[in-house]
2 protein chains.
Amino acid sequence: MSGTAAGTRPTGADPLAAALRPVRSGNTFEETVQRVLQLIRLGLVPEGERLPPERELAERLQVSRVTLRDALKVLQDAGLLEIRRGRYGGAFVLPARQDTPSGDGAELRRRAELLGDRLEDTLLFREVLEVGAAELCAARETAGEEEERLRECLAATASAGLADYRRQDTRLHLAIAELSGSVSVAAQYAAVRSTVNELLDCIPLLPPNLEHSERQHTELVAAILGGEPERARAVMRQHLAGTAALLRGFLA
Amino acid sequence: MSGTAAGTRPTGADPLAAALRPVRSGNTFEETVQRVLQLIRLGLVPEGERLPPERELAERLQVSRVTLRDALKVLQDAGLLEIRRGRYGGAFVLPARQDTPSGDGAELRRRAELLGDRLEDTLLFREVLEVGAAELCAARETAGEEEERLRECLAATASAGLADYRRQDTRLHLAIAELSGSVSVAAQYAAVRSTVNELLDCIPLLPPNLEHSERQHTELVAAILGGEPERARAVMRQHLAGTAALLRGFLA
DNA sequence: TTTCATTGGTACAAGGCTATACCTTTGGCT
DNA sequence: AGCCAAAGGTATAGCCTTGTACCAATGAAA
């Protein structure tokens, strides 16, 4: 105990804490499972579609094929993937089981419990990333192919049914993160959104919420394409506040 | 080479790119070197001071002592650390060699080259993190011990000489990132700032810049403690624009 | 001068991860 | 019916990382 080096009174916070965190958040196998889970939870590979071949996945994740296969095996056992052999085979994303008979927050609370302290951190980090991305995006003269991509994602969310809404919403938000121009922002957002989706998937999606959300999406894209950073940031913040309130409400 | 799965025309961007990045950015040894380098570059352990003992470092980084020792050995060979045995021994941070006889941007350009594409990414990511952190901080009712810590960091930058200014500046910014309330924001900022400092350390610090920077610091802290998120955000963005312009200027 | 707690230095065995090569299955195409 | 390309399945040798135990040096305090 007692003071660390400079120690002008221990303000409760260790000054070295920012850098002295675990170098790895788990072994390669576990992190690989999480990464493949991202592909599924973000809807980057829709239900019924198949993941890239093992060799390609392993190379892109910079992981040995053995380790990747271990990860896929776990997800297969969990009922998330179906693995078929032979040409035209591969790992297919299975439809998510709706094991939330009681629409209340039982399952949600269980998952939130697992996150513990990290829940608040996740919501805050998400806000920083998304609000920042929206602003950068609007300040960046988004046009041409990029503009087309945004409009396409927006149209997809507008015409999506209840079943597919979450996926299209994720695609739109991820597009904004990518169009921010920083791959770090996009990468971190993908990780955070994967966690958020894990929670949101426990909550029933109501048409009124969806409509409200959709109006905000429209205004958000308009602000970005119109080159209005301040407005883009404000709309995004309000948009996220809605989701956060929804989650906190179910957890309270 | 042809389309991926869903492929509505290859817009240049692979839709899976956000999740399919390398699981690990290198082996444990390399990442450990980087992490210890952070402690030094961020000035968390000042020149002349010593790092925590090997066993403690290894445990906090969740790395075997063997691996940690390999990392320290490299930093010792690089002339950044001096390792002494026995009680009251340890790894001491050596003063940085000033091997920039020509004050021009030769060394800077060399290091920027190594970053390549990641330079722009780093600056954008930094902006998102810091501007977001400042806003969260101001919206959070920073008071009591936290307020004291901010004021203390501000006072330290104000009274710091040229030699110690960068370190105190880093401490202030890191404090804001930590007071945002999100450990993820703080952790990511520490990593990014470490990279930025590596570049800044090649640039001579001029008194006019320092004064200007200090006025912004004062206003920033005032906005945070005054609970003015919009203003905190605006001041932080302008503050960062200065640094970015300085770097780009030397690189152009 | 002796003691001893603290800190770095070394050795070894076990487990995890990788690279590489080769085998097996599948289903469209000839 | 048979071929064959693409995909999953398996085996092995080697390196990286870890955990554990023990040795060696240092310098303040008794």
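Chain naming here is simple, since letters A, B, ... match the order of the sequence lines and numbering starts at 1 in each.
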By side chain to side chain donor-acceptor pair (under 3.5 Å), which residues pair with [X], not counting sequence neighbours?
X	result
B:R65	B:E54
A:T28	B:R24
A:E59	none
A:D77	A:K73

Using the closest heavy atom to pick a nucleotide of DNA chain C for each, name whichever of B:A91 or A:N27 lands nearer the 5' end.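 Comparing both residues, the 5'-ward one is B:A91.
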Would you mind building the protein contact string for nucleotides 24-30 of chain C? One character per nucleotide, 5' to 3', B for base within reach (heavy atoms under 4.0 Å), S for sugar-phosphate only, - for untouched. BBBSS--
What pairs with [X] under salt bridge (Lys or Arg N to Asp or Glu O under 4.0 Å), at least two apart in sequence or on another chain?
X	value
B:R118	none
B:R84	B:E82
B:R35	none
B:E30	none

Donor-acceptor pair under 3.5 Å, A:R84 side chain vs D:dG8 base: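 Such a pair does not exist between side chain and base.
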Rounded to whole angstrom units, what separation is found between the [atom1] atom of [X] and the [atom2] atom of [N]?
X	N	atom1	atom2	value
A:Q76	D:dG9	CD	C1'	12 Å
B:L51	C:dG8	CG	C1'	13 Å
B:R55	D:dG19	CZ	C1'	13 Å
B:E54	D:dA21	CD	P	18 Å
A:R24	D:dT18	CZ	C1'	13 Å
A:I83	D:dA6	CD1	C1'	16 Å

Which parts of residues 59-70 of chain B get close to DNA chain C, meaning a heavy atom less than 4.0 angstrom away?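 Listed by number, they are B:R65, B:R69.
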With side chain to side chain contact (heavy atoms under 4.5 Å, CB included) as the test, pick out the partner of B:T157 among B:R167, B:Q168, B:R166.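 Between B:T157 and the candidates, side chain to side chain contact (heavy atoms under 4.5 Å, CB included) is satisfied uniquely by B:Q168.
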Ion pair check, B:E107 and B:R110, cut-off under 4.0 Å: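 Judged by the 4.0 Å cut-off on N to carboxylate O distance, B:E107 and B:R110 do form a salt bridge.
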One thing to verify: whether A:D164 and A:R171 come together as a salt bridge, which I'm taking to mean a side-chain N less than 4.0 angstrom from a carboxylate O.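 Between A:D164 and A:R171 there is no salt bridge, as every charged N stays at least 4.0 Å from the carboxylate O atoms.
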Please examine the side chains of A:L72 and A:V33, heavy atoms only from C-beta on, and report whether any two atoms are closer than 4.5 Å.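 Side-chain contact under 4.5 Å: no.
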Within the 4.5 Å heavy-atom criterion, are B:Y189 and B:R126 side-chain neighbours or not?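 Answer yes - side chains close enough.
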What's the angle between the local helix axes at either end of the helix from C:dT1-D:dA30 to C:dT30-D:dA1, using five pairs per end and rounding to 10 degrees?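 Comparing the axis at each end, I get an angle of 0°.
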DNA chain D contacts among residues 28-43 of chain A, heavy-atom distance under 4.0 Å: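 Per residue number, the list is empty: none.
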